[in-house]
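Right, one structure below, let's go through it.
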Amino acid sequence: MYDKLNILTDAAKYDVACTSSGTARKGDGTGMGSCEQTGICHSFSADGRCISLLKILFTNECIYDCKYCINRRSNDVVRTSFTPDEICTLTMEFYRRNYIEGLFLSSGILKSPDYTMELIYAALYKLRKECNFQGYIHVKAIPGADLGLVQQVGFLADRMSVNLELPTADSLKLLAPHKTRKNILTPMRLVQNKAAENKNELMLYRNAPRFVPAGQSTQMIIGATPETDYQIIQVAESLYQRFELKRVFYSAFVHVNEDKALPARTDEGPPLLREHRLYQADWLLRYYHFQASELLSEENPNFNIMFDPKCNWALKHLEQFPVEINRADYKMLLRVPGLGYKSAVRIVKARRLGVLDFSDLKKMGVVLKRAMYFITCSGKMMYPTKLDEDYITRNLLSVKEKLPEEVRNMGYRQLSLFDDVRFGGNFGQKAGGVM
């Protein structure tokens, strides 16, 4: 079994949609495992990808020949598969050794989508009902599988995801001709509708079984096809609005196959900075009340590599600044670079009790080194400055920024992706929060 584990964990490393956020499945005292509050432990592979949970493929055999996939049918790789019993044994034994707190299970397509989904259902059923495992389970639904099977699996899993694979139907046809957008979106719609029905059932019957309580997510490969950032975030925005997804994950294209349909191999490696900018923009769509059309356009279709999307937006819309901290509404505060949504909430609450100044903002977690160009307190800026795009850009990019002594000594810290966000350990790969 060790050889299988070695092969199938390595084969799963390119699947990044691995998060437990949004669920609180509790143990009832009779079984093993729980994902209440503290959530799932995370570790990282050598290339920086999050590989939380026991993250494995059921099988790396596949009837499809997707040009970007290491497990495609035409590749000469060692093939193997787990059995449902082996999945259960591995999960329980790893849990007992405190290696994991849950399972992330994806799979290649063995024989047919239905056959593969039946095996996944058998493994999860045994794990939940026979092994009494009550920890977190994230499972991939197989596009094209019988919807009844998908629904049955949904009652056993905490989160379910269906990979969109590529941003557009044209790209899917080019690189994954055996898959169709319809087969991918159909189980997404099923999960959405069934989850809504389940919420109503739980309101009437407290002990009703829960269907995918942590919601659903999806994943797109970035950089394998020529879509712009604008096209990609439009697709993400549409998925959030139409399917109520919890997360869209972006996976930088990794060159594992040689194929004329794929981009030429370069020395630059995966487009990780582009992936990072997309995660930051995704954060703005979900938590900062931005729309895709505000961040990019057909005339300006790609993100600035120098600045995060919110800072870049602010520099292009200086007519809306400076913002008066003591009067601006919550949504406008969210648009200030260096100010996260938790800080915005603190500001709104604190200013009811008195007038805020820059020292108050620092205590609230505002990154003044960035925000100082865009805000005033009681009508005054932190120090005399010009509201000019070139001037602010130069200062933000300069590592030898000349600031007054009192500003330099305020104990600034490097801007972090996790500023003002409390994840409690439940965070998927490269979340990309933006301040």
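Side chains included, hydrogens not; waters and symmetry mates left out as well; all remaining heavy atoms used.
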### Task
Decide, yes or no, whether a salt bridge links D259 with R72 under the criterion of side-chain N to carboxylate O below 4.0 Å.
yes

### Backbone N/O of E165 and side chain of N163: donor-acceptor pair under 3.5 Å
no

### Query
Under a 4.0 Å N-O cut-off, is there an ion pair linking D308 with R277?
no

### Message
In the structure I gave you, are the side-chain heavy atoms of T186 and R189 within less than 4.5 Å of one another anywhere?
### Response
no

### Message
Are the side chains of E275 and P270 in contact, using a 4.5 Å heavy-atom criterion?
### Response
no

### Query
Are the side chain of R79 and the backbone of N71 linked by a donor-acceptor contact shorter than 3.5 Å?
yes

### Query
Is there a donor in the side chain of T266 and an acceptor in the side chain of E268, or the other way round, less than 3.5 Å apart?
no

### Message
For the residue pair R97 and F94, would you count it as a cation-pi contact if the rule is NZ or CZ under 6.0 angstrom from the ring centre and within 45 degrees of the ring axis?
### Response
no

### Task
Determine whether the aromatic ring centres of F253 and Y68 lie less than 6.0 Å apart.
no

### Message
With a 4.0 Å cut-off on N to O distance, would you call E61 and R73 a salt bridge?
### Response
no

### Message
Measuring only between side-chain heavy atoms, which start at C-beta, is L278 closer than 4.5 Å to D282?
### Response
no

### Task
Can you sort out the partners of D65 under salt bridge (Lys or Arg N to Asp or Glu O under 4.0 Å), two or more places apart, ordered by chain and number?
none

### Query
Is there side-chain contact between R370 and C311, with heavy atoms separated by less than 4.5 Å?
yes

### Query
Could D158 and K246 be called an ion pair, given the rule that one side-chain N must be under 4.0 Å from one carboxylate O?
no

### Task
Return the orientation label for the Y121 and Y125 ring planes: parallel under 30°, perpendicular over 60°, tilted otherwise.
tilted

### Task
Would you check if the distance from the ring center of Y341 to the ring center of Y287 is below 6.0 Å?
yes

### Query
Hey, are Q231 and T168 close enough side-chain-wise for a donor-acceptor pair under 3.5 Å?
no

#### Entry: Any donor-acceptor N or O pair under 3.5 Å, side chains N302, Y230
no

### Query
Is there a donor-acceptor pair closer than 3.5 Å between any side-chain N or O of R181 and the backbone N or O of D170?
no

### Query
Any side-chain donor-acceptor pair under 3.5 Å between S161 and Q219?
no

### Task
Please name the residue in the list V235, L174, I221, I184 that meets the side-chain contact (heavy atoms from CB on, under 4.5 Å) test with L166.
I221

Distance-only donor-acceptor hits, side chain of residues 103-112, under 3.5 Å, sequence neighbours excluded:
| residue | atom | partner | partner atom | Å |
| --- | --- | --- | --- | --- |
| S106 | OG | D15 | OD2 | 3.4 |
| S112 | OG | Y115 | N | 3.1 |

### Query
Side chains of L315 and W313: closer than 4.5 Å at any heavy-atom pair?
no

### Message
Quick test of your reading: applying ring pair (Phe, Tyr, Trp, His ring centres under 6.0 Å), list the pairs with at least one residue in residues 157-215, sequence neighbours left out, ordered by first then second residue.
### Response
Y64-H178, F155-F211

### Task
Please examine the side chains of F374 and R335, heavy atoms only from C-beta on, and report whether any two atoms are closer than 4.5 Å.
no

### Message
Determine whether a donor-acceptor pair (N or O, by modelled atom type, separation under 3.5 Å) exists between the side chain of E201 and the backbone of A208.
### Response
no

